Each structure stands twice: as C-alpha cells, then as structure tokens.
Amino acid sequence: MMCNCYGSHVFRSLLCLCGGVPLDSPVFHRAKSSMILAERLNLSTSSAPGNNLSHHHQGFPGLLKFLVSGMLKCSEEDVKYLLVDQYSSLVFQTALKLFAGHDQQLLQIIPVLLDCRKENLTEGNFIEMTAVSDIVELMKEAAYSHLMEVILAVSPESLYNEMFTKIFRKSLFELSSHQCGNFVVQALVSHARDREQMEFIWEKLGPKFRDLLEMGKSGVIASLIATSQRLHTHEHEVCKALADAVCLPNESPRSVVDRILFLESYFACVEKSNWKWPSGAKIHVMGSLILQAVFKFQNQLIQPYIMSLTSMEVDHVLQAAKDVGGARTIEAFLDSDASGKQKHRLINKLRGHFGELAMHSSGSFTVEKCFSASNLSLREAIASDLLSVQSELPKTKQGPYLLRKLDIDGYANWPDQWRSRQASKQSTYKEFYAAFGSGEAKSSKSDSFLADTSKSTSLAIGVKNVRKEIDHHLASSEKYAKHAVVDDVMKVKNKKHEKGHGGASDEKATGSVNQKPFLSVDLKKNKRHGQEERSKASRKKLKV
C-alpha cells in the first residue's frame, strides 16, 4: 500500500486524520519548493515542519503510533526498498512531520530510517559507523534525499548533532556537488544548531563557492548565507567569498549584481571577461534569492553589491524591475541598510518609467517601495509618472490599490495639499526617529524618510507598523478637519436661518410639550429683571 501511487495517498490521509491534521493540509500533500526555500532563507516564520500546524480536530494519537510502529516492523530488506521508493518515502515524511516536537517517538523512528536497528539506543550512540557509507550513498537517491531533508528538519538536537558528526563531516563537499545530495546539505546547513557547526561548514564549503556555482549548486550557497545571518557568524567572509566567486582576479566588483542575477548565463560563458548583460533573458531565481539574502546584511558588509546595483545602466535596471526576480531584488535593496542617497540614485534611474512599471503585476510593488524610500521631490516625480496611466491602472490587479496608496487623485486635483501631506508625513517620521531611533538611524537631509533605519528584520517590521500607524493618524486628522469645516459651515447656515425666521424654527423643533416650561422660565427671568431695574431707579432718586 505504501509503494502504490494511490494507496500511499490514502495512507498519508489516514495518518493525517489520526494526527488531528486537516486532510487538505498543503504541508503534507504538496510540499512546495517555494515553501522550503522560504524556510531555508529566513523568509518564513515557521522554523520546522509541524511547528505551526493547526489541529482542527481531536485525532487518534494511539492509533497513529500503532500505524507507524507497524510500518517499521518490516524486514531489513523491505525497509531498504521502502526508503528509496518515491511513494513510500512520502509516507515516511508525513509520519515524521506529524511527530515533529515529540522527541521520544522520533528517537525510535529515525534510527530505523537510518538503517540502525540495534536495541537499547543511547544518546551519542544512535548511528552505527558501519552504516555511514550506505547512508551517504542512499542520500544520492532522489526519494531518500527528500526523506533525509525532513529527518534533519525534525530531529532532536542530540540526534542532529550525531548525524552531523558521523555522517556529514567527511562527505560535505561530496554531497554538495551531487544532483540530489546537495538538497540534503542545504537542509543540514539551514538547521545548523550553533556557531561551532557553522565554523566547520565554512571550513569545508567557504573556499568552494566558485566551484559550487559552476556546478549549478547555488542553493547550497544561499542556505549558507541565510545561516550566517541567523547565527551571526562569518558574515563578512560570506559576502566577500560570493563577490570573489563571480569576479575575475583583480577585477572591479562593478558587475557583481549583474552576474548573480544571471548565474547560469555567466558561468556558461567560456570567455567570462567578454560576458554581457543578456537582453530579454529571464533572471535566475536562485540568483535573485541570494541577492535578497545579501541585502539583509549590514551596510558596511555589502558595499560592493550596493555600488554594483546603483551603477547599473538605466535599461538594465528597467529590465530587472519588470522581471519578478529582479523586482524582488530591487525591493530588498530599498529595504536594506543602504543610505538614502544610494537608494535615491537607483530610484532616479527609473524616473520617467514608473507609469510603465506600474502596469506590470510585479512592478507595482516596486513602485510602492520606491515611493516609500523617496524624498519629497522623487515622490512627486513618481506621482507625475502615474498620472499618465491613471485611467488604465484601475484595470490592473494592483492598480486601484496603488492609486489609493499614493493618493494620485489628490495629486491631480490638489497638488499643493498633496505636497503638504507628504511633507507632514516626512516630518512625523523624522520626529519619531529623532526621539526613538538609534544614533545610526538618524538620517541626513538628503536621505529618504526611513532609509537608514532598517538594521534588522524585527526593526523593519516595527518600521512598517509605525508607518501604518502614522499614516492612519494623519488620515484620521484630515477626516476630522474636513468634518470640523463642515460643522462650522452648518452652524453659520443655522444662525442665518434663525435670524431670518425669528426663532420660529426652534418652536417647531421643540414641540408643544417643551414650549410651556421654556416660556415660564423666560417670563420669570423677565419679571425678576424688571423688579431689579425698578429698585435700582428708586435708590438713585433717594440719593439725589
């Protein structure tokens, strides 16, 4: 049943049911490569399979353990066959994900999947040295390599450390170079537990960046960059090694970003010194992801990449912005630790093309990012460009949102008020960061609104929330001002109305029930007032 294309699907659904997980859960039935990449490159909030699962029903944990133990009671020969079969591997992967976080069960399941069946397993003694060479060979099989990726993701720390030491220490570059094994290494690097392990990985793979890129194993490098950021180690070395890998000896890093965006094209070129930007070619997905990760480093570490991107030709910047991968790279740069002046230099290259860019599904996000990172003059230039396509933008998917977000209608009809609102936002942002931002976060006069403040992922999220809060507050103030003006106008009209009709409207409004009390109070006041006046007059006569 596990080895059958239909039976395995039923079996996995049964395991999900017993584990209390919805049967349509995409985590188990369709493991998308984009989800895996997002997790490995620190672009996803989940840290391990199964951690963020919402269990929608009770489940049957006892039955789940019974089914999995029955799966593992096969003969040694049967297990070896199940490990390399495409469909049974998926069943094992589902079972492991369901037990994520349950170390006791995982320590019973994983040794069997590593072909280690001895009893009385103890910490540091889960893996038999005689089985290591067989495990390394198994990882070169497609089905088992995918299974091993999940094993590394869910393994308890003690078992992960033992696998790292016994299995991978002598085979790291060998597996990194293999078509299937390199995905296992990506998982190993992404789940490295500490700096000591990262130190060993760097020793083995750091000097091999160019070799890995030439072999098309850029995913290993991407995982290494992301882990360097996560563990805050070897950050400078990683940035330098990547730049050196795509540059010839003694060559300026001016073309670093161009070559990473087109990794396959560059490394397929025999005479690399003659390589040129391939007009009309699609940007390399992994190259774009690598650059997005690089732009998360601190400003001083990524100067070659910033210089390369900001010195690109206008046509190349526009072509990159129209490609999904290129657009995401530009957006990552605009969110980076680069100075406002550097960001403005890139934005200026797109001046006059923002209307054209906004008509693209992916380009609209880039336009919004450019607007947020711009000063007042650049914001007005972007708004002016969008006026030329104002009638066409509503027909696109993101067009209506972009028109509202940038207030293009307000710019078209009340440009002075629009500039005043933008200046008010800029002033509010600067005041906020003057009060709460770090010394490094205080931008210069030529910088963008928040250009120098994104020092970390958490701070970037905070910045985004602050922007929203400030924008909401300013928008609310504008609405309040409008309502106040309307109220004042209505009061003036009411006063004129009352004067013209001699108070008749008040009588109609108060009704017959309220008329008598008001009249009686007024009569009493008038009577008392008359008596007081007469008494004052009599006193004056007596004095005279």
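For clarity, every value in this text was computed on a predicted model and none was experimentally measured. When reading the values below, keep in mind they use all heavy atoms of this one structure, side chains included, and skip hydrogens, waters and symmetry mates.
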What pairs of donor and acceptor atoms, side-chain ones from residues 260-273 against any protein atom, are under 3.5 angstrom apart with sequence neighbours left out?
unit_1 : atom_1 : unit_2 : atom_2 : d
Ser265 : OG     : Trp275 : NE1    : 3.0
Tyr266 : OH     : Val246 : O      : 3.4
Lys272 : NZ     : Cys269 : O      : 3.1

With no hydrogens and no angle check, just 3.5 Å: does a side-chain donor-acceptor pair link Glu162 and Thr165?
no

Any side-chain donor paired with an acceptor under 3.5 Å for Ser89 and Gln93?
yes

Just checking Lys322: does its NZ atom have more than 12 heavy atoms from other residues, nucleotides or ligands closer to it than 6.0 angstrom?
yes

Under a 3.5 Å distance rule, please check whether Ser364 uses its side chain to pair with a backbone N or O of Ser361 as donor and acceptor.
yes

Ser218 side chain reached by Leu212 side chain, heavy atoms, under 4.5 Å:
no

Only counting residues at least two apart or in another chain, list the ones meeting side-chain contact (heavy atoms from CB on, under 4.5 Å) with Glu235.
Ser228, His232, Phe297, Leu301

Pairs where residues 180-191 contributes a residue and the test salt bridge (charged side-chain N to carboxylate O under 4.0 Å, His left out) is met, not counting sequence neighbours
none

Tell me which pairs pass salt bridge (charged side-chain N to carboxylate O under 4.0 Å, His left out) where either residue lies in residues 297-311, with sequence neighbours left out.
none

Side chain His360, main chain Ser362, donor-acceptor under 3.5 Å:
no

Applying salt bridge (charged side-chain N to carboxylate O under 4.0 Å, His left out), can you list everything that pairs with Lys369, at least two apart in sequence or on another chain?
Asp335

By the side-chain hydrogen bond (donor to acceptor under 3.5 Å, both in side chains) test, which pairs, at least two apart or in different chains, include something from residues 306-321?
Trp277-Gln319

I need the full list of side-chain hydrogen bond (donor to acceptor under 3.5 Å, both in side chains) pairs touching residues 238-253, with sequence neighbours left out, sorted by first then second residue.
Lys240-Asp244, Glu251-Arg259

side-chain contact (heavy atoms from CB on, under 4.5 Å) partners for Asp134, two or more places apart:
none

Flag the pair Glu392 and Lys395 as a salt bridge only when some basic side-chain nitrogen lies within less than 4.0 angstrom of an acidic carboxylate oxygen.
no

Pairwise salt bridge (charged side-chain N to carboxylate O under 4.0 Å, His left out) hits with a residue in residues 186-198, at least two apart
none

Distance-only check: which donor-acceptor pairs under 3.5 Å involve side-chain atoms of residues 147-157, not counting sequence neighbours?
unit_1 : atom_1 : unit_2 : atom_2 : d
Glu149 : OE1    : Arg40  : NH2    : 2.4
Glu149 : OE2    : His146 : ND1    : 3.3
Ser155 : OG     : Ile151 : O      : 2.5

Looking at side-chain heavy atoms only, is the closest gap between Glu380 and Gln422 below 4.5 Å?
no

Residue pairs passing the ring-ring contact (aromatic ring centres under 6.0 Å, His included) test where at least one lies in residues 147-171, sequence neighbours excluded:
Phe164-Phe200

Please tabulate, for the side chains in residues 327-334, all donor-acceptor contacts under 3.5 angstrom to protein atoms that are two or more places apart in sequence or on a different chain.
unit_1 : atom_1 : unit_2 : atom_2 : d
Arg328 : NH1    : Glu331 : OE1    : 3.4
Arg328 : NH1    : Glu331 : OE2    : 2.9
Thr329 : OG1    : Ser288 : OG     : 3.2
Thr329 : OG1    : Gly325 : O      : 2.9
Glu331 : OE2    : Thr366 : N      : 3.3
Glu331 : OE2    : Thr366 : OG1    : 3.0

